[in-house]
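Reading through the structure tokens given below for one structure.
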Amino acid sequence: MALEDLTDPSAVLRALEEFRGLGQRNFLKKYGFGSSRGWMLVDADGHEYDAKAIIGAAHGYQYPAQGPLPQSDFHGGQPTARKLRELGFEILEPTTRRNSVWTRDELILALELYVRHRPSLPDDRHPDVIELSSLLNRLARTAISRSEGSFRNANGVAMKLQNFRSLDPSQKGKGLSKGGKAEVELWKLFAEDPERLRSVAKAIRAAVTGVQNFPTPEPEGEDAEEGKILTRLHQIRERDYRIVERRKLQALRANGALHCDACGFNFSLKYGDRGNGFIECHHAKPVSGLQPGEKTKLNDLILLCANCHRMVHSRRPWLSLEELRQIIISD
Ligand SMILES: [Zn+2]
Ligand SMILES: [Zn+2]
């Protein structure tokens, strides 16, 4: 009875099914395994399973008479990974997945889940927690987020909900150690505005599922309050050559010149020929209202000089045209 005897992928599949049914903690307890220190099997939906314990259980499914392989009978880590890969499964090494910091997008989605269920606190077997875990793993694979390569299992999501609970004044004293600075900031920003939180989370979800490959524009300034994904959607719209050219034509026809809607700067007056036809477009529609695939309307775009545009995006929250004008006037 040994690791090498395991040859049947369907035995592994049955172990995965049992793992999902019991939840991580109960599964490990039933088979007498500790956590596998980061070696995880990940399935097509992004669910994670402790690799070594899965081998132990799968052995029992393939050889019911001999039963599961006990933890002490074989090595975790490389040998376990090799065996599971041989059987066609994907294994994540500890370094690719542990301790990656939650991105703003991920935190917003977790906060929305927390607020939606409050005052009850779903655990790692709750369907909504499992669903979010798989969505976050899909998000990591779209490589928009800095969390690229990180994986969030249901347990990690459930713990994040506990972090948020500890920040919740209505749940005094409950929950797991306070989250970091980012959690505190998001709590202040969104917790008292569930309406906005819901619409931002909805837009992020639509973007994750609707757009598989974002081009990656250079970062400039800070991401929007609503996270990186919606920031990218915003930038993609501003750089859509066709609509931007149409918007500039519209302005040329109306005013005979292109100038900054905020400060009046005119590139061709300042730079002569070289500045002819130059101006940037800023997408003025609220970032949380962006949907992938939705057409940009000409009126959504305002014209800004490069300086003003940078100032809009330089810090959270991004400025509206009116706010930018106020700053310029009061100077
Ligand atoms: Zn300007
Ligand atoms: Zn912009």
Side-chain angles (χ1 to χ4, degrees), residues 103-105 108 142 144-146 185 189 196 199-200 202-204 206-208 210-211 213-331:
T103 65
R104 198 176 177 86
D105 298 297
I108 289 172
T142 58
I144 315 157
S145 221
R146 236 174 280 125
E185 191 203 333
L189 197 57
R196 178 170 175 223
S199 83
V200 169
K202 201 174 142 203
I204 293 176
V208 176
V211 184
N213 287 303
F214 282 87
T216 356
E218 270 115 68
E220 93 190 3
E222 248 183 341
D223 291 331
E225 291 191 322
E226 293 84 352
K228 189 175 280 294
I229 293 195
L230 298 181
T231 299
R232 288 291 157 84
L233 268 183
H234 171 93
Q235 292 170 330
I236 287 166
R237 263 141 227 241
E238 294 183 343
R239 289 163 206 198
D240 181 341
Y241 179 76
R242 287 152 305 181
I243 182 97
V244 164
E245 287 307 306
R246 278 173 54 212
R247 178 67 184 85
K248 280 156 68 170
L249 258 176
Q250 183 193 49
L252 275 172
R253 284 200 193 107
N255 316 317
L258 296 174
H259 34 71
C260 175
D261 287 339
C263 74
F265 189 88
N266 179 317
F267 282 86
S268 69
L269 282 183
K270 183 78 178 175
Y271 298 106
D273 256 10
R274 181 166 280 248
N276 267 348
F278 189 88
I279 196 85
E280 295 190 3
C281 274
H282 173 65
H283 196 287
K285 200 172 164 187
V287 172
S288 65
L290 297 179
Q291 300 287 337
E294 185 191 310
K295 279 247 169 65
T296 302
K297 295 188 200 71
L298 282 186
N299 292 339
D300 294 338
L301 296 176
I302 58 176
L303 302 178
L304 291 180
C305 73
N307 278 348
C308 286
H309 199 187
R310 283 302 269 269
M311 286 300 102
V312 165
H313 290 288
S314 67
R315 241 188 263 158
R316 281 194 288 265
W318 291 355
L319 297 170
S320 68
L321 179 59
E322 214 28 64
E323 288 163 334
L324 183 62
R325 281 179 177 153
Q326 285 307 319
I327 291 174
I328 294 171
I329 292 168
S330 67
D331 179 46

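Whatever order the structure lists ligands and atoms in, that order sets their numbers, starting from 1. Keep in mind it's a predicted model, so treat the numbers as computed, not measured.
Using cut-offs of 30° and 60° for the angle between ring planes, the F267 and F265 rings count as perpendicular.
Scanning for salt bridge (charged side-chain N to carboxylate O under 4.0 Å, His left out) contacts around R246 gives an empty result, with sequence neighbours left out. Checked against salt bridge (charged side-chain N to carboxylate O under 4.0 Å, His left out), R242 has the following partners two or more places apart in sequence or in another chain: D240.
Among the heteroatoms counted here (N, O or S) of H234, NE2 is the one nearest to the Zn ion (ligand 2). Its N, O or S atom nearest to the Zn ion (ligand 2) is what matters here, and for H313 that atom is NE2. For H282, the N, O or S atom closest to the Zn ion (ligand 2) goes by the atom name ND1. Looking at E238 and the Zn ion (ligand 2) together, the shortest N, O or S contact belongs to OE2.
The closest donor-acceptor contact from the side chain of N255 to the backbone of L252 lies at 3.5 Å or more, if one exists at all. Within the 3.5 Å criterion, the main-chain N or O of I302 finds no donor-acceptor partner in the side chain of D261.
Between H234 and R239, the closest side-chain pair of non-hydrogen atoms is not below 4.5 Å.
With no hydrogens or angles considered, a side-chain donor-acceptor pair links Q250 and R247 at under 3.5 Å.
Neighbours of the Zn ion (ligand 1) restricted to protein N, O or S atoms under 2.8 Å: the count is 4.
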Please tabulate, for side-chain N and O atoms in residues 272-287, each donor-acceptor pair with protein atoms closer than 3.5 Å (sequence neighbours left out).
from, atom 1, to, atom 2, distance (Å)
D273, OD1, N276, ND2, 3.4
E280, OE1, H309, ND1, 2.7
H282, ND1, E238, OE2, 2.7
H282, ND1, H309, NE2, 3.3
H282, ND1, H313, NE2, 3.3
H283, ND1, K285, N, 3.4
K285, NZ, E294, OE2, 2.5

